S.K.: 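First the structure, which I've put down as structure tokens, then a few questions once you've had a look.
Since we're looking at a predicted model, the values are computed, not measured. Within every chain, numbering begins at 1; the chains are lettered A, B, ... in the order of the sequence lines, protein sequences first and strands thereafter.
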Amino acid sequence: MSVRTRFAPSPTGFLHIGGARTALYCWLEARHHGGSFVLRVEDTDRERSTDEAVQAILDGMRWLGLDADEGPFYQTERLDRYREVAEQLLAAGKAYYAYETPQEIDAMREAARAKGEKPRYNGYYRDRNEPYRDDPHRVIRFKNPQSGSVVFHDKVKGRIEWSNTELDDFVLFRSDGFPTYNFAVVVDDLDMGITEVIRGDDHVNNTPRQINVYEALGAPVPTFAHLPMILGEDGQKLSKRHGAVGVMQYREDGYLPHALLNYLVRLGWSHGDQEIFSIEEMVRLFDIADVNASAARFDMAKLGWLNQQYLKNEDPARIAPELEWHLRRIGIDPSTGPAPAEVVPALCDRVQTLKDMAERARVWYAPIAEWDDKAVAKHLKSATASAVLEAARDGLRTLDAWQPEPIHELVQRIAERLELGMGKVAQPLRVALTGTQVSPSIDHTIYLAGRDEAIRRVEHALAISRAG
RNA sequence: GCUCCCUUCGUCUAGUGGCCUAGGACACCGCCCUCUCAAGGCGGGAACACGAGUUCGAGUCUCGUAGGGAGCGCCA
């Protein structure tokens, strides 16, 4: 039987980091086995579901490259089907109508809690066989087995056993005519032929109930894999006010999708000592059974390191479009300076994100906006600065090929001729070109500025130098 | 309260009874390289939550304790 997995987010917010990892593992598991990956939107919560959230999730998945083979399917479009299955259960005597008001249910829970028991529904209408009545509080409840236990072998947690006495007759259909989650997932996973359910471990507790529904339906039970949650850097649960952001925020912060995917795949899963995985390697090596059972913390420092690995090792031509996107975001027109593909190698050793890279690249696209006073005082007002700048201006004017290598040789010749160390030559030039003491190697810094602009800046610095 | 789950360096992890004087990576510290900043190279400190038991032998198996988490909805 071919493997079929699904990612089933509820559209109540953006695709966050935990959801992204779940989606990745589902996708990987399907791809690894040559199976199918299905996307399903669980939107039966009409109060909180929004179209914007659906779009945000779709955007996030597309950016990450987690393409679905089927879907997205929407639960709200399958209402008739849930109704049909519920009727089937009703007819088979495996479900029943109940008419308690919310207040009565609350009172029931309070009473149970007061006795030190688990708050649950007491099954009042279970075997009462009352005639059907139209009632605003009418719900359909599942007749959960009252003895025995449910055992399943979770692919990440191992064997889990649950006594049926812990389970109550949960609601299948709400009084508003919508199915509940625990019922809709089963019907959906069944109809969609899902063979492996991979989801967050906050669903472990629901699994026994769902298995009972499968069995009541006489249907095959899929395998389950419950992923531990991802904690914030401080070890606290991620929440809106605690660092939980959508994956698209990571794009804005300058991370590459591949780097994020690589970070996520290693959070809870590993393959020996390997840290860097191409997408193909992930697909080939990933096995849901190798996923760890314990929660992991999100570590920005490591994500940053990984992102830089990709910045350094991927083809600059492939990174260039993303850099352009970031340049435009900070108001820079990429056509007013060097080709982004040439900027990438100059800065990839110096930044961890594309956002920082764009910021640092600004010197080649816009005039120097601000001069570092200390840099000017130290390197432009020094005794030898004017001579260096003068020599550089003349040399740059007559240089044959405008390439880093000849520029490098020119700088070296100036150092030799003036009998100065490289530091005494490079630093004044660096300040001249950037207004600061920090930049890529001096030859690349000059090269990327372009000949005219480089000479203009050197002349300007020379004026400052002489004035001092 | 009840049920279920989790527990190896600061962090992510390797480890499936002897190969472990517990390995790698990030982070941190030091040295080297060096035109700045980085990157890179080399080196360093740093962990099996605790207690019993099983066994010739336990990070690895069992039980308990502690700590953490999840769930107990007409939310998903």
S.K.: Using the C1' atoms only, state how far B:C72 lies from B:U55, rounded to an integer number of Å.
M.R.: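 Result for the C1' pair: 41 Å, nearest Å.
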S.K.: Please give the distance between the P atoms of B:U13 and B:U7 as a whole number of Å.
M.R.: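 Roughly 11 Å separates the two P atoms.
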S.K.: Over all strands shown, is A:Thr12 touching base, sugar-phosphate only, or nothing at heavy-atom distances under 4.0 angstrom?
M.R.: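 Contact class for A:Thr12: none.
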S.K.: Tell me: NZ of A:Lys157 to C1' of B:U3, nearest whole Å?
M.R.: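 After rounding, the gap between these two atoms is 15 Å.
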S.K.: Write down the distance separating the P atoms in B:A27 and B:U11, rounded off to the nearest Å.
M.R.: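 Per the computed distance, 16 Å lies between those P atoms.
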S.K.: Atom CD1 of A:Ile414 to atom P of B:C35: distance rounded to whole Å?
M.R.: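 In whole Å, B:C35 P and A:Ile414 CD1 are 15 Å from each other.
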S.K.: Is any side-chain heavy atom of A:Phe183 less than 4.5 Å from a side-chain heavy atom of A:Ile140?
M.R.: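 When only atoms from C-beta onward are counted, A:Ile140 and A:Phe183 do not touch, as no gap falls below 4.5 Å.
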S.K.: Counting only N and O atoms by type, is there a donor-acceptor contact under 3.5 Å from the side chain of A:Ser10 to the main-chain atoms of A:Thr12?
M.R.: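 Absent.
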S.K.: Quick check on the 6.0 Å ring-centre criterion: do A:Tyr125 and A:Tyr99 meet it?
M.R.: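 They qualify: ring centres under 6.0 Å apart.
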S.K.: Any chance the rings of A:Phe173 and A:Phe178 have centres within less than 6.0 Å?
M.R.: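 For A:Phe173 and A:Phe178, the ring centres are not under 6.0 Å apart.
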S.K.: Below 4.0 angstrom, N of the basic side chain to O of the carboxylate: do A:Asp189 and A:Arg40 qualify?
M.R.: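 Salt bridge present between A:Asp189 and A:Arg40.
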S.K.: Using atom types as modelled and distance alone, determine if a side-chain donor or acceptor of A:Arg362 lies under 3.5 Å from a backbone N or O of A:Tyr365.
M.R.: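 Looks like no, no N/O pair under 3.5 Å.
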S.K.: Quick check on contacts: within residues 383-390 of chain A, what sits under 4.0 Å from RNA chain B by heavy-atom distance?
M.R.: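 Listed by number, there are none.
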S.K.: So which protein N/O to nucleotides 7-13 of chain B N/O distances come out below 3.5 Å?
M.R.:
residue : atom : partner  : partner atom : Å
B:C12   : OP1  : A:Arg297 : N            : 2.9
B:C12   : O2'  : A:Arg266 : O            : 3.0
B:U13   : OP1  : A:Gly268 : N            : 2.5
B:U13   : O3'  : A:Ser270 : OG           : 3.1

S.K.: Enumerate the protein-to-nucleotides 40-46 of chain B contacts in which both atoms are nitrogen or oxygen and the separation is below 3.5 Å.
M.R.:
residue : atom : partner  : partner atom : Å
B:G40   : OP1  : A:Lys312 : NZ           : 3.4

S.K.: Is a donor on one side and an acceptor on the other found under 3.5 Å between the side chain of A:Arg457 and the backbone of A:Leu433?
M.R.: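 Yes: the side chain of A:Arg457 pairs with the backbone of A:Leu433.
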S.K.: What integer distance in Å separates A:Met422:CE from B:C37:C1'?
M.R.: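 Computing the A:Met422:CE to B:C37:C1' distance gives 15 Å.
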S.K.: Can you tell me the Watson-Crick or wobble partner of B:G53, both distances under 3.5 angstrom?
M.R.: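 B:G53 is paired, partner B:C61.
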S.K.: Find out whether the Lys NZ or Arg CZ of A:Arg141 is both under 6.0 angstrom from the six-membered ring centre of A:Phe170 and within 45° of the ring's axis.
M.R.: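 A:Arg141 over A:Phe170 ring: no.
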S.K.: Rounded to the nearest angstrom, tell me the gap between atom CG in A:Leu347 and atom P in B:U36.
M.R.: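 Checked: the CG to P distance equals 17 Å.
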S.K.: Using atom P in both nucleotides, what's the gap between B:G43 and B:G24 to the nearest angstrom?
M.R.: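 Between the two P atoms, the distance is 10 Å.
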S.K.: Is there a salt bridge (Lys or Arg N to Asp or Glu O under 4.0 Å) between A:Arg126 and A:Asp168? Walk through the geometry before answering.
M.R.: CA-CA 11 Å; A:Arg126 182 178 171 113; A:Asp168 65 354; over 6 Å; no
S.K.: Which letters describe nucleotides 66-76 of chain B, given B = protein heavy atom under 4.0 Å from base, S = only from sugar-phosphate, - = neither?
M.R.: ---SSBBSBBB
S.K.: So, are A:Lys143 and A:Asp169 salt-bridged, with charged N and O less than 4.0 Å apart?
M.R.: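 Salt bridge absent between A:Lys143 and A:Asp169.
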S.K.: Once you apply the 3.5 Å cut-off to both distances, tell me the Watson-Crick or G-U wobble partner of B:U34, or none.
M.R.: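 Check on B:U34: unpaired, no WC or wobble geometry under 3.5 Å.
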S.K.: To the nearest Å, how far apart are A:His408 NE2 and B:U36 C1'?
M.R.: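 One finds 15 Å between C1' of B:U36 and NE2 of A:His408, rounded.
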S.K.: Taking B:G45 as the reference, what is the distance to B:G30 when you measure between their P atoms (whole Å, please)?
M.R.: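 Those two atoms are separated by 15 Å.
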S.K.: Hunt down the Watson-Crick or G-U wobble partner of B:U16, both distances under 3.5 Å, from any strand shown, or write none.
M.R.: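 Paired with no nucleotide.
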S.K.: If pairing requires Watson-Crick or G-U wobble contacts with both distances under 3.5 Å, which nucleotide is the partner of B:C26?
M.R.: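 WC or wobble partner is B:G10.
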S.K.: If we take the C1' atom in both B:G73 and B:A58, what is their distance in whole Å?
M.R.: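 Pairwise C1' distance, B:G73 against B:A58, rounds to 44 Å.
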S.K.: When you compare B:C48 with B:C61, how far apart are their C1' atoms, in angstrom units rounded to a whole number?
M.R.: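 Comparing C1' positions in B:C48 and B:C61 gives a spacing of 15 Å.
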S.K.: Taking the P atom of each, how far is B:A49 from B:C12, in whole Å?
M.R.: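 Those two atoms are separated by 14 Å.
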S.K.: Specify the residue among A:Leu303 and A:Gly421 whose closest nucleotide of RNA chain B lies further upstream toward the 5′ end.
M.R.: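 Its nearest nucleotide being more 5', the pick is A:Leu303.
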S.K.: Under 4.0 Å between a side-chain nitrogen and a carboxylate oxygen: does that hold for A:Glu166 and A:Arg120?
M.R.: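 Looking at A:Glu166 and A:Arg120, the cut-off is not met.
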S.K.: Distance check needed: B:C4 P versus A:Ile160 CD1, whole Å only.
M.R.: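 After rounding, the gap between these two atoms is 10 Å.
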S.K.: To the nearest angstrom, how far is A:Asn307 atom CG from B:C26 atom P?
M.R.: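 Nearest whole value for this atom pair: 15 Å.
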S.K.: Can A:Glu275 and A:Lys302 be counted as an ion pair, charged N to O under 4.0 angstrom?
M.R.: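 Yes, this pair counts.
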S.K.: Go ahead and name the base partner of B:A76; Watson-Crick or wobble counts if both distances stay under 3.5 Å, otherwise write none.
M.R.: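 Paired with no nucleotide.
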S.K.: Using Watson-Crick or G-U wobble geometry with both distances under 3.5 Å, which nucleotide pairs with B:A46?
M.R.: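 Paired with no nucleotide.
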S.K.: Whole angstrom is fine here: how far is it from CG in A:Asp290 over to P in B:A14?
M.R.: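 These atoms are roughly 9 Å apart.
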S.K.: Output a table of donor-acceptor pairs, distance under 3.5 Å, between side-chain atoms of residues 403-427 of chain A and any protein atom two or more places apart or on a different chain; print 'none' if there are none.
M.R.:
residue  : atom : partner  : partner atom : Å
A:Gln427 : OE1  : A:Arg430 : NE           : 2.7
A:Gln427 : OE1  : A:Arg430 : NH2          : 3.3

S.K.: Listed by chain and number, what are the ring-ring contact (aromatic ring centres under 6.0 Å, His included) partners of A:Tyr310, not counting sequence neighbours?
M.R.: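 Residues passing ring-ring contact (aromatic ring centres under 6.0 Å, His included) with A:Tyr310: A:His258.
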S.K.: Does A:Glu161 CD have over 12 foreign heavy atoms under 6.0 Å away?
M.R.: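 Above 12, so yes.
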S.K.: Can the ring centres of A:Tyr263 and A:Trp305 be said to be less than 6.0 Å apart?
M.R.: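 No, they do not, as the ring centres are separated by 6.0 Å or more.
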S.K.: Sort out the partner of B:C2 for me: Watson-Crick or G-U wobble, both distances under 3.5 Å, none otherwise.
M.R.: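 B:G71 - that is the nucleotide pairing with B:C2, both distances being under 3.5 Å.
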